[in-house]
Amino acid sequence: MNILQIGFAMNRASDLDAVADACIAAHAVITEHGTPQMKMLSRVLLHIVGKEIARNLSSAQHEGDLARHERITPVAAPGPRSSRP
C-alpha cells in the first residue's frame, strides 16, 4: 500500500464515519416522527452502513496481517553454488 492509497483509505474511513453519524442522527428523528416505512428504511440504511464499516475494518485487518507476515517470514539463505565448468 503506498502513501496515496493510505490517504484514500483514511479519507474513506472518515467519510464513512460521517455517513454513519448522519444516519444515526436521522434514525433518532425518524424513530420519533417517521412512518413505519421510514423506520424500516432507516434500519436498513444503518445495517448497510454497519456492514460497510465492518468490511473496511476486516480489509484493513487483513492487510495488516499480510504486512506483519511479510516482516516476520524468514527468507532462506542461498545455498552453495555448484562449481560446474
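For this chain, numbers begin at 1 and follow the sequence in order.
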Asks: What's the spacing between Asp17 CG and Ile53 CD1 if we round to 0.5 Å?
Replies: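 Atom-to-atom, Asp17:CG and Ile53:CD1 are 6.0 Å apart.
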Asks: In terms of hydrophobic clusters joined by side-chain contacts under 4.5 Å, are Leu45 and Met40 together?
Replies: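 Different clusters: Leu45 never reaches Met40 through Ile, Leu, Val, Met, Phe, Trp or Tyr contacts under 4.5 Å.
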Asks: Determine which pairs satisfy side chain to side chain donor-acceptor pair (under 3.5 Å) with at least one residue from residues 41-51, sequence neighbours left out, and list them in order.
Replies: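 As it turns out, the side chain to side chain donor-acceptor pair (under 3.5 Å) pairs with a partner in residues 41-51, which skip direct neighbours, are His27-Ser42.
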Asks: Is there a path from Leu57 to Val49 through hydrophobic residues (I, L, V, M, F, W, Y) whose side chains come within less than 4.5 Å of each other?
Replies: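 Per the 4.5 Å side-chain linkage, Leu57 and Val49 are co-clustered.
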Asks: To the closest 0.5 Å, what do you measure between CD1 (Ile30) and CE (Met38)?
Replies: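 Going from the CD1 atom of Ile30 to the CE atom of Met38 covers 7.5 Å.
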